[in-house]
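None of these values were measured; they are calculated from a predicted model. The chains referred to below are lettered A, B, ... by the order of the sequence lines, with proteins before strands, and numbering in each begins at 1.
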Amino acid sequence: MKLSSFRYIVPQAFKSMLHNGLMTVAAILTITISLFLCTAFWLLIINIDANARQVEEDVRVLAYLKEDIPDGQEEGQAEAQPEAQGEGQPAALPEAQSAVQPEAQPEIEPEAQTEGQTEGQAEEEQEKQLEEKYAVIRDEIMAIPGVASCEFISKEEGIKDLGSRFGGVDLKETLGGANPLPDLFSIMAETTDDVAVIAEKVSEIEAVDVVRYGEGTVEKLFALTDAMRRVGVAVMILLALAAVVLIAMTIRLAVVARKKEIMVMKWVGATNAFIRLPFLLEGVFLGLLGGLLALVLVLIAYVNAGDYLASTISFVLVLDIGQIWLKTAGFTLAAGLILGIFGSLFPLANRFMDV
Amino acid sequence: MLIQTISLGKKYKNGIVALSDINLSIDYGEFIFLTGESGAGKSTLIRLLFREELPSSGQILISGRSSIRLSKKDIVRLRRNTGVVFQDFRLMERNTVFDNVAFALKAVERPWDEIKKRVPRVLERVGLAGREQENVMHLSGGEQQRVAIARAIINNPIILFADEPTGDLDPRTSMELMQLFNEINEQGTTLVMATHDKTIVDAFNKRVLTLSAGRLISDSVGGWQL
Ligand SMILES: Nc1ncnc2c1ncn2[C@@H]1O[C@H](COP(=O)(O)OP(=O)(O)OP(=O)(O)O)[C@@H](O)[C@H]1O
Ligand SMILES: [Mg+2]
């Protein structure tokens, strides 16, 4: 094969694509659709992976407190409280009352009493006791080796924060005034290695109900991406197969359209490579064009979806496009190239093409 | 010896035995008529000789080498030394005379400068000087066959096979074409031509191979044998 022969081979491939008009368009679109879906899926997977990894690196341990902090004195009071607060919440804590009265200020502040004097005084007393209890719990937590800091987050703060992370919704109002969140301590470990041990120790504290840290979430996310990968591979194989079939049909048509020329080439002694290369190139062009189209579409979709996610659920990590576009381009174009080569190899294996 | 066949036989996939036990030899520079009734196996023999089909028994020796043992590279070289024309011309209909002839040089990867020089020269040789830019479909049958001959000989083949090249032409045009074949042969190209036209065979005092029902029944110099 002479280099100068490409002056014939390359234009020949383009001519054939034009000549095959409709089939060319159908093949390119099939490749575009399958590569768009494959690439979109792949981007979804690497983003979920990145989120899982971020959670994995999280040094936070969350200790959710029991609604009813066990303490002899406290228990007595809990029994004294009327059960009629509705909302199905145990009535012992002041928060339960604030559920009846949505505009209530943060409960830990003593100024909270705006109601009847007797109840107000009881509340004030309760809150003082609670604050003391929280201080005790905090000391217990800080005593655990490896704990860097520890912050109390009341259920009121919790629901506000959660609402803002979902794009500034007033979650409490949405939930009809109820607050399903418990109070909690957010504990920072000094290193990720300590997290599990700290969680274990914290869970031994009596007032602590449940302890959460990244582990479960990470496993769930990785399990999710694993499942997605398996489903994804199956879907991708099917889509790739469709693309290969369409390319093969297009090339087959191109071969049939040039049957006479191929015969003449054989008679005069053209090499196998010279006869086949224009068709192989046509397949490669189809694959690359489809890949390019898919890449442009997927990048546009990614930027838009990323912007939308960032403005609605701010805690989700969306990988920056500048960081991944090169990899994405490589993935999509290489896939297009491979599909193109595979698709054209089948019709070119025909004995009719042999010298 | 250019070509030699040893008990050559061809049985097609449908079971028809088109040729059996053909022994013949063709020397450099010969002009050979291949005659026989329709279905005798003339086209089959030609297809075997230029390797469009492979023999089902026996051998073809080309310059002493068995044609079945040729490598891809040898086949390409053999084809470059072989020209072929057919009754139905087999030109690329949408293209010009120039493109049809130039295609044979492009296909063997000759440089463009050379193609531009050689195409007008070969067209002159076949009597179509200055007709480069005409569409082949606008030419007469005789002229179309000349384009096909130009394409077959532009690579200066050692041997030219012609399968009933005058089959679709009137007697006058046929004789003009035979004149061209004779010239090509006199310039050194070996020529094997299948025909069932008695007048043509009788008009030239050449070697005649006669096939009947797939067998070679006569091999002699001078007119029609049947
Ligand atoms: N490709 C093929 N497949 C099957 N049988 C074939 C094929 N080509 C030719 N034949 C058969 O082989 C026999 C010889 O055919 P061939 O074409 O060689 O004869 P021919 O002498 O060229 O005839 P004609 O003068 O009509 O061209 C015939 O019986 C024909 O039907
Ligand atoms: Mg015939």
**OP:** Go through the steps to decide whether B/D99 and B/R94 satisfy the test salt bridge (Lys or Arg N to Asp or Glu O under 4.0 Å), and finish with yes or no.
**Re:** CA-CA 10 Å; B/D99 288 341; B/R94 280 190 302 270; over 6 Å; no
**OP:** Take A/R258 and A/E261 through the salt bridge (Lys or Arg N to Asp or Glu O under 4.0 Å) test and state the conclusion after the steps.
**Re:** CA-CA 5 Å; A/R258 297 192 60 227; A/E261 280 147 83; 3.2 Å; yes
Original post:
Are any of the side-chain nitrogens in B/D74 or B/R65 under 4.0 Å away from the carboxylate oxygens of its partner?
Top reply: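 Judged by the 4.0 Å cut-off on N to carboxylate O distance, B/D74 and B/R65 do form a salt bridge.
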**OP:** Return the option, out of B/R77, B/E93, B/E109, with the maximum number of heavy-atom pairs under 4.5 Å with chain A.
**Re:**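 When all of B/R77, B/E93, B/E109 are compared, B/E109 has the most.
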**OP:** Find out whether the Lys NZ or Arg CZ of B/R90 is both under 6.0 angstrom from the six-membered ring centre of B/F86 and within 45° of the ring's axis.
**Re:**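 Satisfied, under 6.0 Å and within 45°.
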Original post:
Non-hydrogen atoms of chain A under 4.5 Å away: do they reach the side chain of B/L91, the backbone, both or neither?
Top reply: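 Interface part for B/L91: backbone (N, CA, C, O).
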Original post:
Is it true that atom NZ of A/K260 has more than 12 heavy atoms of other residues, nucleotides or ligands lying nearer than 6.0 Å?
Top reply: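 Yes, NZ of A/K260 has more than 12 neighbouring heavy atoms, counting only those of other groups under 6.0 Å.
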**OP:** Hey, can you tell me if B/F31 and B/F204 have their rings parallel, tilted or perpendicular (30° and 60° cut-offs)?
**Re:**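 Ring orientation of B/F31 relative to B/F204: parallel.
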Original post:
Heavy atoms under 4.5 Å from chain A: which residues of residues 119-137 of chain B carry them?
Top reply: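 Within residues 119-137 of chain B, no residue comes under 4.5 Å from chain A.
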Original post:
Roughly how far, to the nearest 0.5 Å, is CG of B/L49 from CG of B/L34?
Top reply: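 Between atom CG of B/L34 and atom CG of B/L49 there are 8.5 Å.
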